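Have a look at the structure below, then the notes.
The figures that follow rest on heavy atoms only: side chains count, while hydrogens, waters and symmetry mates do not. Keep in mind the model is a prediction, meaning the values are calculated, not measured. Lettering follows sequence order; numbering is per chain, from 1.
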Protein chains: 2
Amino acid sequence: MIDRTKTFDNLDGTDLEILEMIEADFDVSLETVAQKLDLSKSAVHYRVKKLKENGIIRGVTADVDPLALGLEMVAITDVSVSHEEGYSEDIGKKLMTVSGVGEVYYTMGDIDFVAISRVQTRDQLNDLIERIVAIDGINETSSKFVMEEFHDNQNVSGNLTQVGRELILDS
Amino acid sequence: MIDRTKTFDNLDGTDLEILEMIEADFDVSLETVAQKLDLSKSAVHYRVKKLKENGIIRGVTADVDPLALGLEMVAITDVSVSHEEGYSEDIGKKLMTVSGVGEVYYTMGDIDFVAISRVQTRDQLNDLIERIVAIDGINETSSKFVMEEFHDNQNVSGNLTQVGRELILDS
DNA sequence: AATGAAATCGACCAGCA
DNA sequence: TGCTGGTCGATTTCATT
């Protein structure tokens with residue numbers, strides 16, 4: 001059995017509950033969290049601080065609505081690369097530097113990268129795809145236009161199965 | 001010319017700079033932001049509050065590292081649906097209810113949905129795909145396994161082109 | 001819309017279980 | 001090591017311009 005203790009950094013159920021609450025909404029007051037967990041405010045603060053120090057919380061960020069900035073168009077672009085050229089790491093980073101590209105995934109299979117991009121106008125979309133194609137080592141691209149997207153603020157901690165939760169707590 | 005005034009809610013350059021800073025890191029102190037913009041702390045606070053009220057900032061959230069919870073596997077699943085069944089909206093929402101599914105995009109083209117999921121084990125991945133296939137109206141799925149992902153905390157406000165910024169400010 | 005003062009809340013410290 | 005209560009400093013709010 002692989003030792004996963006270090007990975008989970010001895011998270012307990014209380015930590016998980018805190019993570020769920022502040023991943024959904026960091027504006028909950030310490031007091032609200034403390035009351036729900038029957039703890040003092042200091043104790044909650046102390047745990048949050050530790051979660052940040054350990055890198056379990058990577059940061060706290062404002063969630064900006066893309067539509068409010070006119071970013072109405074979302075594209076999902078499949079990218080294949082010519083495998084002689086450099087390392088995937090480099091190409092992934094180069095994709096991220098293209099204005100409008102927000103997420104890049106390096107995948108197994110026929111498609112090598114999947115990039116998710118947001119732009120305001122068709123001109124910007126054209127420009128973005130041109131910039132992607134211009135990257136050294138990129139072979140071919142194929143883009144899908146997004147009509148609607150579904151999200152929530154619970155992607156990580158609040159989206160575990162019961163089994164997944166136990167896997168963390170039992171380590 | 002379409003009137004985009006309402007969409008951008010009269011954002012000015014100062015608002016954009018604030019958004020860039022707090023989208024990257026909400027832990028910057030009011031004082032730091034105020035100094036960079038030559039404003040009082042209250043003025044910055046007032047603008048942030050307004051940005052929240054107007055929905056431009058949808059919320060403030062803790063960014064939890066999936067790896068810290070053992071969510072080592074990321075899958076991108078292309079889903080096609082049988083078009084007799086209900087509305088896409090319903091299927092998108094149902095996809096989101098599957099434990100592990102974090103983002104869903106409804107797209108134009110041969111593929112109808114793209115789902116991005118995170119799980120800890122192969123068993124969970126199997127289970128997840130079974131749950132997706134079991135949704136009424138879903139025809140076929142095809143999954144890619146993610147080897148590496150690239151992100152930053154500047155997906156929206158900090159990722160605009162110069163032209164994109166002007167489009168907002170000139171409205 | 002921005003300011004400064006007053007109230008409230010979060011961050012840190014020393015001591016304790 | 002993790003928690004408590006108290007203090008200090010930062011943030012939020014409010015009256016005013």
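Residues A68(B) and I56(A) share a closest heavy-atom pair of CB-CG1, 3.6 Å.
N139(B) pairs by the side chain to side chain donor-acceptor pair (under 3.5 Å) definition with nothing, not counting sequence neighbours. Every side-chain contact (heavy atoms from CB on, under 4.5 Å) that A75(A) has, sequence neighbours left out, goes to T77(A), L125(A). Qualifying salt bridge (Lys or Arg N to Asp or Glu O under 4.0 Å) partners for D123(A), counting only residues two or more places apart in sequence or in other chains: none.
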Please report, to 0.1 Å, the donor-acceptor pairs under 3.5 Å made by any side chain of residues 107-118 of chain A, with sequence neighbours excluded.
residue : atom : partner : partner atom : Å
T107(A) : OG1  : I111(A) : O            : 2.8
D112(A) : OD1  : H83(A)  : NE2          : 3.4
D112(A) : OD2  : V81(A)  : N            : 2.9
R118(A) : NH1  : E149(A) : OE2          : 2.8
R118(A) : NH2  : E149(A) : OE1          : 3.0

Show me the donor-acceptor pairs, under 3.5 Å and distance only, between side chains in residues 30-43 of chain A and residues at least two apart or in other chains.
residue : atom : partner : partner atom : Å
T32(A)  : OG1  : S29(A)  : OG           : 2.8
S40(A)  : OG   : A43(A)  : N            : 3.2

Where along nucleotides 9-17 of chain C does protein come under 4.0 Å, by heavy atom, of base (B) or sugar-phosphate alone (S), with - for untouched nucleotides?
-> -BBB-----
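Sorted by residue number, the list of members of residues 32-39 of chain B with any non-hydrogen atom under 4.0 Å from DNA chain D is empty.
Protein chain B contacts DNA chain D over a range whose 5' and 3' limits, counting nucleotides with an atom under 4.0 angstrom from a non-hydrogen atom, are dT11(D) to dT13(D).
Rounded to 10°, the helix from dA1(C)-dT17(D) to dA17(C)-dT1(D) has 30° between the axis fitted to its first five pairs and the one fitted to its last five.
Sorted pairs that involve residues 25-55 of chain B and meet ring-ring contact (aromatic ring centres under 6.0 Å, His included), not counting sequence neighbours, are lacking altogether. Residue pairs meeting the ring-ring contact (aromatic ring centres under 6.0 Å, His included) criterion with at least one member in residues 134-171 of chain B, sequence neighbours excluded: Y105(A)-H151(B).
V163(A) shares a hydrophobic cluster with no other residue; no ILVMFWY side chain has heavy atoms under 4.5 Å from its own.
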